[in-house]
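Keep in mind that what you see is a predicted model, and the values were worked out from it rather than measured. Just so we're on the same page: letters track the sequence lines, and every chain starts at 1.
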Amino acid sequence: METKIPDKIKELLESKFPGKEWLSALQTDVTSTGAFGEEWLFINNEDLAVAKESGGSAQLVEQITLNQVKDARAVNMVGGGALEIEYDSKVHRILLYSNARAHEFTNAARIVNELVKEHRFRETTEERKRRYCPKCGKPIAWSSDVCPRCVKKRQTFFRLFQFTKPYLHQIMWIFFVMVSATFAGLIIPYISKVLIDDVLTPKRDMWRLAPLALSMFAARAASVILGALQARESALVGSSTVYDIRAALYKKLQNLSISYYDKRHTGALMTRVNSDTGEAQNFMVSWLPALLQSSFQIIGIGVLLFVLSWKLTLYIIMPVFFTVWFVRVVYPRVWVYFHRFYEKRSRMSATVSDTLTGIRVVKAFGQEEKETNRFNEKSQDLCDAAITLERKWTIYNPIMSITRIVGVIVVWYVGGKYVFDADPKKMMTLGSIVAYASYLEMFYGPIFMLTDMARVVTHSLSAGERILEVLDAKSEVEDAPDSVSVPRIKGGIEFRNVTFGYNKLRPVLKNFSLVIKENETIGIVGKSGSGKTTLISLLSRLYDVDEGEILIDGINIKKIRYDDLRRQIGVVLQEPFLFSGTIAENIAYSKPGAELLDIVRAAKAANAHDFMIVTKPDGYDTYVGERGGRLSLGERQRVSIARAILHDPRILILDEATSSVDTETEKEIQDALYRLIKGRTTIAIAHRLSTLRNSDRIVVLEEGKLAEQGSHDELMAMQGVYYKLVQIQSEIAKSRIFI
Amino acid sequence: MEEIIGITNIEPKGTKFERSETGVLKMTLADGTVHPRIYPICSFPVANPDKFISIRNIENKEIGVINNLGDFPADQQALIRKEIKLRYFVPVIREIYKITEEFGIYNWETKTDRGRKSFYVRGRNDNILMRGKTRLLITDIEECRYEIPDYARLPHRSLIELDKVL
């Protein structure tokens, strides 16, 4: 956040620390009493100072020389935090900040510590989560990095329009049909004018009645048919275009690296595929044609109105402007009540789904009545919202209708006077007035449309921009140009001085080195947060390391072709993720089109064959439900083991489940795993003692560093970290027997 | 019972809290143990801020629990309360001057117990939470939190503004 340092404070610093160069100047938004206000933190190579301005003069609140400092820390609190510095063997709280500045001061604490210990500090290039538009400084909406205010509307529009290129033919056709339909629609009032002025008023040429009535019908019919044609074509072009956009978007999302997903809400990305493309579809299919049509109509009707009577047109400008104002300013206020109504409705349905999915719990605790009351409360809210909405609507809607009628009444009154006018130059015929009134009625529709359009278009174009943003994103993990093909990995792995953190300020793995031999089985143990999962994510190249390198068969994995790497690394996850489909499809997920025999073999090896044949009437064709929900955890684990066996990877990554299954299932899973591990390099995040015993070597991680390694017996004899972990495990195991 | 679940009570008798010259809170227990730096954390910050206040040391380990802050002498209460107020940076909104919306982001201009503040809130659903019948918790886009203990008691003008987002 770039904020200007007040001059008074600058002067003060200059006088207290003459000639010093400041490395960092940060502003807090909370004073030491906890109220909103400003204080400043300054850091240079030797000093740390806190200054504030009060009553027109600056004062120095804290002044600490860095060589006294033992430790600096940013203490996270609720809604904010405090920067605390330890010196003179005491902890000093030097300033407070709100969450808005937490990131800056966490960084400041790091800088102070680095200056104290290493007399230098690392610059971070890490970008803060963008909450404000870099251009206009205003906040931007959740789920997007796009500022709707600064969207380059024209550019986005043209880029989206590129997708319509294959349909240029149809578009020209639509354009032609649209103009014709508008023209046909505009003829009708003109025919009525001729009818009144030339036939009905003079009461002559009765033979013209039939052809005129017929042509009226023809014009109407033409307008309707052409309109329908246009709608059909627009729907075709719009939907096909959006299909192409959606396909491009989804393909891109599949290809983006995991780190892209980490920085974003999965929900937000789902929004892009589902609702943003829907928004684009609305725009292409409904809004854009309507926009064009309205423009044609406004131009056509406007010209006709002016030609029929330019003086009358001057009179009706006022009511038309009033309508525009109404749609722009007053109408959105009613929208608020619509929104509220929808929101209350979705809250009510959320309550329903919440309770019904948890109905077992509700019944078990006998809370039916409480839940009924909770529902009734939401239902009452919805009822109230509906009533309020209807009340507001009954105010605004009549005003709207009255506004529309005002213009028409002006036409009849003022125009009526012109009919009586003796001066033939000023005189208007009855037919002109009737036609004029009809045109005016027709005029309001497109006026509404265009006025409301500004809002809709902005909305749609931001959606379009969000889509383009994904299409433009670059995958962080990509094949290097000099990547090599490794059709068969032998399986030797080396981590060489690897440092990595999801947030570069806080590395999870710190200068980690480990050599794994071919076909070796390594068990990794450590507390949660010690870096186990990170280690395997790096190996399967979901992320790239920050520093150091990972080698497979002596080749840096960044140089190995991504496809080759993926094909030869298999993963069995703690929470096995099955896709909705049959068991057979899930087993063959990594190898579409696998022979049935291979699938059965894999299932047998995974001890999954018997349970499927015996307990599932549909055998391998059993539908597993969404995320495999219809299978038990033990069954899912075995299916995922079968999947890995069929995949037949050279390197196997095993994230063992902590959750317990019954002893017999456990044994079957153990057997299955043992068969799976044989003949491959295996890295297992192990929780089971049995897996650890079977490992050739056990690696103990602690805070991102290698703490101990060796065989089970060696590590037990050392009585170190591993020994303690095993002790705790067996305590838990013992207590389980009694349950 | 207390022995089993391992809750250590901090009794008003013999316990002394002081604000040290360095601006942090110090605690001396009845047996003479001194904790030079303690952090009080509320177990029920919203519903019962005075009950079961956990006192933690610099390593974030629990030293003990204050069952009821009201049992302590007034000056000691004030010290703890002040520390809690600094820890829980949750300004209480006293008045709402104006709420305006643009592209789904609401700009609140308010007066809080910690001074005037203008902040931005995304949407209305997740960031304005109703707790109980009258209490509102608001989270702005910086993840700062604001509280309205009883919205019915806001000035009339504020209620009209608030009505836009409820």
Side-chain angles (χ1 to χ4, degrees), chain A residues 29-37 62 71 73 75-82 84-103 131-132 138-144 146-149 332-333 336 339-340 343 346-347 350 377 381 385 388 455 458-459 462, chain B residues 19-26 36-42 45-46 58 60 82-91 101-107 110-127 130 133 137 139-147 163-166:
Chain A
D29 51 354
V30 180
T31 65
S32 56
T33 56
F36 286 114
E62 296 275 354
D71 188 30
R73 73 183 98 194
V75 182
N76 279 331
M77 304 198 288
V78 179
E84 296 187 346
I85 307 268
E86 191 178 341
Y87 68 92
D88 289 350
S89 61
K90 285 191 196 101
V91 179
H92 298 246
R93 170 175 285 180
I94 66 162
L95 52 81
L96 293 167
Y97 48 86
S98 83
N99 270 351
R101 306 288 157 89
H103 185 90
R131 289 167 176 150
Y132 296 94
K138 292 271 186 148
I140 46 184
W142 181 79
S143 85
S144 162
V146 178
C147 173
R149 234 172 264 94
R333 293 194 190 176
V336 171
H339 276 307
R340 185 180 300 177
E343 210 166 286
S346 72
R347 279 192 194 192
E377 243 171 62
D381 284 351
T388 322
R455 189 174 59 87
T458 312
H459 210 72
S462 332
Chain B
R19 185 162 294 280
S20 67
E21 71 273 24
T22 58
V24 299
L25 210 56
K26 179 171 128 185
R37 172 75 185 102
I38 57 121
Y39 301 90
I41 297 179
C42 294
V46 178
I58 201 150
N60 212 9
K82 190 178 170 202
E83 191 67 14
I84 286 174
K85 191 180 170 184
L86 294 181
R87 176 177 176 84
Y88 290 85
F89 191 78
V90 185
E101 187 258 2
E102 201 180 3
F103 303 115
I105 291 182
Y106 293 80
N107 179 210
T110 62
K111 190 173 90 183
T112 72
D113 62 336
R114 304 185 192 232
R116 278 185 82 127
K117 181 74 180 168
S118 160
F119 55 91
Y120 294 100
V121 180
R122 274 182 191 136
R124 315 183 264 196
N125 285 339
D126 301 340
N127 293 321
M130 186 77 108
K133 286 268 169 223
L137 284 181
T139 310
D140 76 358
I141 61 165
E142 303 279 11
E143 279 151 54
C144 288
R145 314 208 300 175
Y146 301 84
E147 190 189 353
D163 198 40
K164 292 179 188 168
V165 291
L166 285 187

About how many Å separate [atom2] of [Y] and [atom1] of [X], when rounded to the nearest 0.5 Å?
X	Y	atom1	atom2	answer
A:Asp29	B:Lys117	CG	NZ	5.5 Å
A:Tyr97	B:Cys144	OH	SG	11.5 Å
A:Met77	B:Ile41	CE	CD1	10.5 Å

* Heavy-atom distance under 4.5 Å to chain B: side chain of A:Ser32, backbone, both or neither? ->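 Contact with chain B involves the backbone of A:Ser32 alone.
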* More than 12 heavy atoms of other residues, nucleotides or ligands under 6.0 Å from NZ of B:Lys111: is that the case? ->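 It does not: B:Lys111 NZ has 12 such atoms or fewer within range.
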* **Geometric class of the B:Tyr146/A:Phe36 ring pair [parallel <30°, tilted 30-60°, perpendicular >60°]** =>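 The rings of A:Phe36 and B:Tyr146 lie parallel, inter-plane angle below 30°.
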* Side chain, backbone, both or neither: which part of B:Pro91 has a heavy atom under 4.5 Å from chain A? ->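 Interface part for B:Pro91: side chain.
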* To do: Please test B:Phe89 against A:Leu96 for side-chain contact (heavy atoms from CB on, under 4.5 Å), starting from the C-alpha separation and ending with a verdict.
  => CA-CA 10 Å; B:Phe89 191 78; A:Leu96 293 167; over 6 Å; no
* **B:Arg37 bridged to A:Glu86 by N-O distance under 4.0 Å** =>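 No salt bridge links B:Arg37 with A:Glu86.
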